[in-house]
Novice: 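Pasting in a structure now, in structure tokens, and then I'll have a few things to ask.
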Amino acid sequence: MSERNRSGQGWRLLFEELSRQRGPLRRLLGWSALEALPALVTGFVMARALDDGFLADRPATGLAWIAVLGLALMIKAVAGRAIFGPLALIVESLRDNLTRRLMTATLRRAVADPRALDASAVAQLTGHVDTARLLTSALLRSVLRLALAVAGAFLGSMTVAPVVGLMVGPPLLAAVGVFCLALRSMAQRRYDAVLADEAVAQRVGTVVAGVRDIVAAGAHERAESDVALVAERQASAMNAAARAEATRIAVVALGCHAPLVALLGLAPWMLDHGWLTMGELVGATACLTAGIEPALRATTSLLGAWGLQLGVVMQRLSEVISHDHEGRAVPIGSDPSKRPSGTWIELRGLTFSYGAAAEPVVRDLDLTILPGEHLAVVGPSGIGKSTLIDLLGGLRRADSGTVSYGDVPIDEIPPDHLRREIALIPQEAYIVTGTLRDNLLYLQPDASEQTLSECIESLGLTDVVSAAGGLDADLAHSTSKLSAGERQLIALARVHLSPARVVLLDEATSSLDTESEKRVEEAFARRSDTTLIVVAHRISSALRADRIVLLDGVRCLVDTHDGLLCTSSLYTELVGHWSGREAASPARPC
């Protein structure tokens, strides 16, 4: 993407969000115009007060004109107070909308590739949202008023005398043009500075997080060198940004100081030839020194600092909202051609390891899981059971081999469709803000009352509903009172109500007793065309499965309970451990 198009992304995003607040923006513009009223009338009022009043020996007329200026200042004060209402509506809505879009894009990116999720980057970006809110508020409050003041002072100078407008107009327009041309370079320098700042934050965060390992490995010099390198780049970027922003000094000199020098230099000649009166000269000078010069200086200063920073921050947010970590568009809709025609899961040559030098957790696994099958995954603690579940759910990408759902590789299925089809319930049960009903219907808001009641009865959730105070009880005040098992039941019921046709239970029943676990698994097994894959931590759970996948750190064995008892000593040991070293059911002769 070209630099010009990239820099325009942020402003387009900002204008898109602001355009949703047209009513408050119109009120803001109206009150800001009233705030600029003194800049418009000051020159004319002073000229008339002098020429028609004090210099003509009519002090009452002069005071009357001064009273007009006082009235304009009172109107400015009223407008300055009224401006905060629409301003608050605009910037708070901006913050809410940007946060919503940022979180949506982040979640979509995490769904498409969990490895792309960087918690520190998310924290940095949410900080950008707050920065955007503050800068937008400051710029709308200050720059809009100042820009209108510059325009008002220029128009006021023309009302004083047309010749003054001719002397002020061309240099002022030239100064504005120069500043607009310089803004692109200034924005790029500021963008480079922001990226350098993010690089410092990321590198320092990495070093701090790994300081124990750095000290243990004696790698402090390398860590210091890495931090120093990004710090130097940050300093260089900040210096370049400061040099670029110095352009605004020349803009003020061209737009205000040059016409002021010309006006004062030509004043004797124009007074002698009747081009100006003394009152008009004083009024024109006031327009330049008390109107255009401070407003232009403040406008260029704010745009050169806050404006550039806002543009860069919005550019960063725009990049994250509209593109993933590799520069590709974040998937928003589904491609119907990539929707699978079936619900079987097929693994072919699946291999996964945590790092190039690590031993594979899963190695060359071939497995077909039929629709409606009940599969248990077992193995010693830390052997990779949760990793296999993540691979089956598309939350991790294999080093080699494929995982297909139906007839489509799982990483090619649109994320929104995949998450409706495959649901994973982890051991840690999450309770969302809201009522118990909100939690249960989170994945299927349109479920009927009868379906909801049947689900509660089927999973044995009746006592939990009663203890919570009913389906409409607010869990925000009772979350801490829920036991781990009750939380798990709520999470399980939430998925039971969902349209998911493949359910992955990653020790999601670990806090339930044996009978409750049996009830839950049987409830899922009774769902039509539902494939159930369970990380088993009890022999009873494994016995209910049609087949069992055993991970032993070297290979994956797939067989029935009786078959694994005959072929795997590790499985026999696990059965003995689960059942107190006594098999829960007698093994058939091998």
Side-chain angles (χ1 to χ4, degrees), residues 111-116 338 340-413 415 418 421-424 426-427 501-507 531-537 541-543 545-575 577-578 590:
V111 168
D113 183 3
R115 293 175 295 180
K338 293 297 184 180
S341 58
T343 60
W344 70 90
I345 298 177
E346 192 169 22
L347 284 62
R348 289 291 174 262
L350 188 68
T351 299
F352 178 85
S353 61
Y354 289 99
E359 285 294 322
V361 177
V362 179
R363 188 196 303 269
D364 296 327
L365 176 59
D366 293 327
L367 175 64
T368 299
I369 306 173
L370 300 177
E373 187 173 8
H374 183 173
L375 194 74
V377 180
V378 302
S381 178
I383 202 66
K385 300 185 292 296
S386 294
T387 300
L388 178 58
I389 291 294
D390 288 347
L391 290 166
L392 291 171
L395 298 180
R396 294 187 186 276
R397 293 183 179 178
D399 298 332
S400 62
T402 60
V403 179
S404 298
Y405 179 61
D407 51 354
V408 181
I410 204 165
D411 57 356
E412 295 181 12
I413 301 174
L418 180 65
E421 292 286 309
I422 300 178
L424 187 155
Q427 182 176 5
R501 293 194 282 178
V502 175
V503 177
L504 309 173
L505 304 184
D506 187 5
E507 300 204 31
T531 302
L532 181 62
I533 303 173
V534 181
V535 173
H537 58 281
S541 181
L543 287 172
D546 300 321
R547 287 189 296 165
I548 299 170
V549 177
L550 172 66
L551 304 181
D552 63 3
V554 177
R555 54 181 179 161
C556 297
L557 298 178
V558 184
D559 208 334
T560 63
H561 169 73
D562 293 330
L564 288 175
L565 282 175
C566 294
T567 58
S568 173
S569 59
L570 174 60
Y571 185 72
T572 304
E573 291 176 6
L574 286 173
V575 171
H577 172 72
W578 282 335
C590 299

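Reckoned from all heavy atoms, side chains included, excluding hydrogens, waters and symmetry mates.
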Novice: Would Asp366 and Leu347 count as a side-chain contact (heavy atoms from CB on, under 4.5 Å) if you check the C-alpha gap in whole Å, the side-chain angles of each, and the deciding distance to 0.1 Å?
Specialist: CA-CA 5 Å; Asp366 293 327; Leu347 284 62; over 6 Å; no
Novice: Would you find a donor on one side and an acceptor on the other, under 3.5 Å apart, between the side chain of Asp506 and the backbone of Ser386?
Specialist: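 No; judged by distance alone, with no hydrogens or angles, the pair does not exist.
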Novice: Please check if the side chain of Ser568 supplies one atom and the backbone of Leu564 the other of a donor-acceptor pair under 3.5 Å.
Specialist: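 It does not hold such a pair.
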Novice: Yes or no on side-chain contact (heavy atoms from CB on, under 4.5 Å) for Ile410 and Thr402, after CA distance, side-chain angles and deciding distance?
Specialist: CA-CA 8 Å; Ile410 204 165; Thr402 60; over 6 Å; no
Novice: Is any side-chain heavy atom of Leu570 less than 4.5 Å from a side-chain heavy atom of Leu550?
Specialist: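 Yes, at least one pair of side-chain atoms sits under 4.5 Å.
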Novice: Examine distances only and state if a side-chain atom of Ser353 and a backbone atom of Val361 form a donor-acceptor pair shorter than 3.5 Å.
Specialist: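 Absent.
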Novice: When rounded to the nearest 0.5 angstrom, what distance separates CD in Glu421 from CZ in Arg501?
Specialist: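 Glu421 atom CD to Arg501 atom CZ measures 4.5 Å (nearest 0.5 Å).
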Novice: Counting C-beta onward and ignoring hydrogens, is there a side-chain heavy-atom pair between Leu375 and Asp546 closer than 4.5 Å?
Specialist: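 SC-SC contact between Leu375 and Asp546 ruled out.
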Novice: If every non-hydrogen atom of Gly393 is compared with every non-hydrogen atom of Leu418, which pair is closest and at what distance?
Specialist: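 Minimum heavy-atom separation between Gly393 and Leu418: O-CD2, 4.2 Å.
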Novice: Measure the spacing between CG of Leu350 and CG of Asp364 and express it to the nearest 0.5 Å.
Specialist: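 Here the rounded value is 9.0 Å.
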Novice: Going by heavy atoms in the side chains, are Leu532 and Leu505 under 4.5 Å from each other?
Specialist: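 Yes. Closest side-chain heavy atoms under 4.5 Å.
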Novice: Do the side chain of Glu373 and the main chain of Leu370 share a donor and acceptor less than 3.5 angstrom apart?
Specialist: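 Checking the backbone N and O of Leu370 against the side chain of Glu373, a donor-acceptor pair under 3.5 Å is found.
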Novice: How long is the gap from CD1 on Ile422 to CD1 on Ile413, to the nearest 0.5 Å?
Specialist: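 Output value for this atom pair is 6.5 Å.
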Novice: Is any side-chain heavy atom of Val502 closer than 4.5 Å to a side-chain heavy atom of Ile345?
Specialist: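 Yes - at least one pair of side-chain heavy atoms lies under 4.5 Å apart.
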Novice: Are side-chain heavy atoms of Arg363 and Phe352 found at a separation under 4.5 Å?
Specialist: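 They are not in contact (no side-chain heavy atoms under 4.5 Å apart), so the answer is no.
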Novice: Do Lys385 side-chain atoms and Leu551 backbone N/O form a donor-acceptor pair below 3.5 Å?
Specialist: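 Not confirmed, Lys385 side chain does not pair with Leu551 backbone.
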Novice: Could you tell me which non-hydrogen atom of Arg547 sits nearest to which non-hydrogen atom of Ile369, and how far apart they are?
Specialist: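 Arg547 and Ile369 have their closest heavy atoms at NH2-CA, 4.1 Å.
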Novice: Work out which heavy atom in Ala542 is nearest to a heavy atom in Ala376; give both atom names and the distance.
Specialist: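 Closest approach of Ala542 to Ala376: CA-CB, 4.2 Å.
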Novice: Pairing donors with acceptors under 3.5 angstrom, does anything connect the side chains of Asp399 and Thr351?
Specialist: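 Thr351 and Asp399 do not have a side-chain donor-acceptor pair below 3.5 Å.
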Novice: Any side-chain heavy atom of Thr387 within less than 4.5 Å of one from Leu392?
Specialist: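 A side-chain contact is absent here, since even the closest heavy-atom pair is not under 4.5 Å.
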Novice: How close do Leu504 and Ile389 get, counting heavy atoms only, and between which atoms?
Specialist: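 The pair with the smallest heavy-atom distance is CD1-O, 3.7 Å.
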Novice: Mark yes or no for whether Thr531, through its side chain, and Gly372, through its backbone, hold a donor-acceptor pair below 3.5 Å.
Specialist: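 Answer holds: yes.
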Novice: Does any N or O in the side chain of Asp559 come within less than 3.5 Å of the main-chain N or O of Ile548, such that one atom is a donor and the other an acceptor?
Specialist: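 Pair absent, no side-chain N/O of Asp559 close to backbone of Ile548.
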Novice: Can you check whether Leu367 reaches Glu346 side chain to side chain, under 4.5 Å on heavy atoms?
Specialist: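 In short, these two side chains do not touch, never coming nearer than 4.5 Å.
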Novice: Does a side-chain heavy-atom distance below 4.5 Å link Val377 with Val534?
Specialist: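 With C-beta onward as the side chain, the pair stays apart.
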Novice: Determine whether the side chains of Arg348 and Thr368 contain a donor N or O and an acceptor N or O closer than 3.5 Å.
Specialist: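 There is such a pair between these side chains.
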Novice: Judged by atom type as modelled, is there a donor-acceptor pair below 3.5 Å linking the side chain of Ser404 to the main-chain atoms of Asp407?
Specialist: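 Side chain of Ser404 to backbone of Asp407: no pair is present.
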Novice: Taking all non-hydrogen atoms of both residues into account, name the closest pair between Tyr405 and Pro340 and its distance.
Specialist: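 In terms of heavy atoms, the two residues are closest at O-CB, 3.1 Å.
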